J.: 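Take a look at this one; I'll ask things after.
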Amino acid sequence: MDNTVLAFFSDHHPLNMPLEYLKSYSEINRSEFNGYNKTPFIIYEPNQESEVVSTPSSTIDMLPTIANLFDLNHDPRLYMGKDIYSDDSHLVIFQNGTWIDEVGMFNTYSTTFTPYDASHTYSNDEIQTINNKVKSKLAISASIYQNDYFDERPFIIDRFK
């Protein structure tokens, strides 16, 4: 165990489980999105000093984070996610285009932006710029999947073996 690192993460709730079922077992008043920005990701190494990182992140950020922590040979340009410890701005994108970042959350259903702190928010133009970035990332992700991008480019994967 002294030479072992453990990584744990939790999903929001089981797929297809009605939110009402979770509400009945929780003391927290869960709205449609409440709790999505509080999903834990824990990396444990017995000799590491503990720290809490509250950077907005997603499961796509786990691989680049672990790769950097272990100094693995990887090309970060091949991942949509970012190292959680990087100084870059972090953007968590949900399937429907809703997003969360360090400033707040944009909900595509209500088309509203809710800042965490009312004194620090985005202008409408800034929100539109981020929305365009989100749409672009979702389109690229769909295209990679639909066109089997990496199957046609084995040389990208092979150079890291």
Side-chain angles (χ1 to χ4, degrees), residues 4-17 19 22 30-45 48-109 111-117 120-122 126-161:
T4 301
V5 174
L6 302 173
F8 303 94
F9 81 98
S10 172
D11 203 348
H12 309 298
H13 61 80
L15 187 63
N16 297 325
M17 180 182 284
L19 201 53
L22 292 175
R30 297 177 187 265
S31 65
E32 178 186 340
F33 260 131
N34 188 15
Y36 278 92
N37 59 347
K38 302 289 184 193
T39 304
F41 173 40
I42 300 166
I43 301 173
Y44 174 79
E45 193 272 320
Q48 183 69 34
E49 188 173 322
S50 68
E51 72 177 296
V52 175
V53 179
S54 57
T55 301
S57 58
S58 175
T59 53
I60 65 171
D61 300 314
M62 291 167 52
L63 180 61
T65 301
I66 291 171
N68 279 340
L69 286 173
F70 285 94
D71 199 25
L72 301 177
N73 184 18
H74 75 290
D75 186 344
R77 297 172 299 174
L78 298 177
Y79 304 104
M80 286 287 216
K82 293 183 181 180
D83 178 1
I84 293 169
Y85 291 99
S86 78
D87 291 332
D88 296 339
S89 65
H90 293 265
L91 183 66
V92 176
I93 302 171
F94 294 89
Q95 259 184 319
N96 67 355
T98 293
W99 51 267
I100 295 173
D101 71 359
E102 293 93 349
V103 178
M105 180 183 84
F106 180 82
N107 186 319
T108 54
Y109 293 123
T111 63
T112 56
F113 179 76
T114 306
Y116 300 127
D117 176 358
H120 180 70
T121 189
Y122 290 127
E126 289 170 318
I127 292 169
Q128 188 57 48
T129 298
I130 297 170
N131 281 335
N132 290 339
K133 181 179 181 179
V134 166
K135 287 176 190 174
S136 177
K137 284 184 174 253
L138 288 172
I140 290 167
S141 293
S143 182
I144 287 170
Y145 178 73
Q146 291 166 349
N147 296 308
D148 207 3
Y149 178 86
F150 289 105
D151 187 53
E152 300 296 322
R153 292 158 182 84
F155 58 90
I156 293 174
I157 306 300
D158 291 342
R159 72 179 193 195
F160 295 106
K161 289 184 178 178

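From a predicted model like this one, the values you see are computed outputs, not experimental measurements.
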J.: Kindly write out the residues that satisfy side-chain contact (heavy atoms from CB on, under 4.5 Å) with Pro76, not counting sequence neighbours, or none if the list is empty.
T.: His74
J.: Do Ile43 and Phe8 have side chains that get closer than 4.5 Å, going by heavy atoms?
T.: no
J.: Report yes if some heavy atom in the side chain of Ile130 is under 4.5 Å from a heavy atom in the side chain of Tyr122; otherwise report no.
T.: yes
J.: According to side chain to side chain donor-acceptor pair (under 3.5 Å), who are the partners of Asp117, at least two apart in sequence or on a separate chain?
T.: Ser119
J.: Could you tell me which residues satisfy side-chain contact (heavy atoms from CB on, under 4.5 Å) with Gln48, sequence neighbours excluded, listed by chain and number?
T.: Glu45
J.: Minimum heavy-atom separation for Thr98 and Met105, please, with both atom names.
T.: CG2-CG, 4.3 Å
J.: Quick one: side chains of residues 59-70, donor-acceptor pairs under 3.5 Å with protein atoms, not counting sequence neighbours, listed by atom name and distance.
T.:
unit_1 : atom_1 : unit_2 : atom_2 : d
Asp61  : OD1    : Lys82  : N      : 2.7
Asp61  : OD2    : Ser58  : N      : 2.7
Thr65  : OG1    : Asp61  : O      : 2.6
Thr65  : OG1    : Ile84  : N      : 2.8
Asn68  : ND2    : Asp83  : OD2    : 2.9

J.: State, with a plain yes or no, whether a side-chain heavy atom of Thr111 is found less than 4.5 Å away from one of Asn107.
T.: no
J.: Evaluate Ile100 against Tyr116 for side-chain contact (heavy atoms from CB on, under 4.5 Å), listing each step before the verdict.
T.: CA-CA 10 Å; Ile100 295 173; Tyr116 300 127; 2.9 Å; yes
J.: Which atom names give the shortest non-hydrogen contact between Phe41 and Ala7, and what distance separates them?
T.: CE1-CB, 4.3 Å
J.: Measure the shortest side-chain to side-chain distance between Pro115 and His120 over non-hydrogen atoms and say whether it is less than 4.5 angstrom.
T.: no
J.: Apply side-chain contact (heavy atoms from CB on, under 4.5 Å) to residues Tyr109 and Asn96 and explain how you reach the verdict.
T.: CA-CA 9 Å; Tyr109 293 123; Asn96 67 355; 3.0 Å; yes
J.: Determine whether Val103 and Phe113 satisfy the following criterion, side-chain contact (heavy atoms from CB on, under 4.5 Å), listing intermediate values before the conclusion.
T.: CA-CA 10 Å; Val103 178; Phe113 179 76; 3.9 Å; yes
J.: Could you please spell out the steps behind the side-chain contact (heavy atoms from CB on, under 4.5 Å) verdict for Asp101 and Val92?
T.: CA-CA 6 Å; Asp101 71 359; Val92 176; over 6 Å; no
J.: Nearest 0.5 Å, please: how far is CG in Asp88 from OG1 in Thr55?
T.: 11.0 Å
J.: Could you pull out the closest heavy-atom pair between Tyr85 and Val53, with the gap in Å?
T.: CE2-CG2, 3.7 Å
J.: Residues two or more places apart in sequence or in another chain: which of them pass ring-ring contact (aromatic ring centres under 6.0 Å, His included) with Tyr44?
T.: none
J.: Minimum heavy-atom separation for Ser141 and Met80, please, with both atom names.
T.: OG-CE, 3.2 Å
J.: Evaluate whether atom CD of Glu49 has more than 12 neighbouring non-hydrogen atoms of other residues, nucleotides or ligands under 6.0 angstrom away.
T.: no
J.: Does Ser86 offer a backbone N or O that forms a donor-acceptor pair with the side chain of His90 under 3.5 Å?
T.: yes
J.: Quick test of your reading: applying side chain to side chain donor-acceptor pair (under 3.5 Å), list the pairs with at least one residue in residues 127-137, sequence neighbours left out, ordered by first then second residue.
T.: Trp99-Asn131, Gln128-Asn132
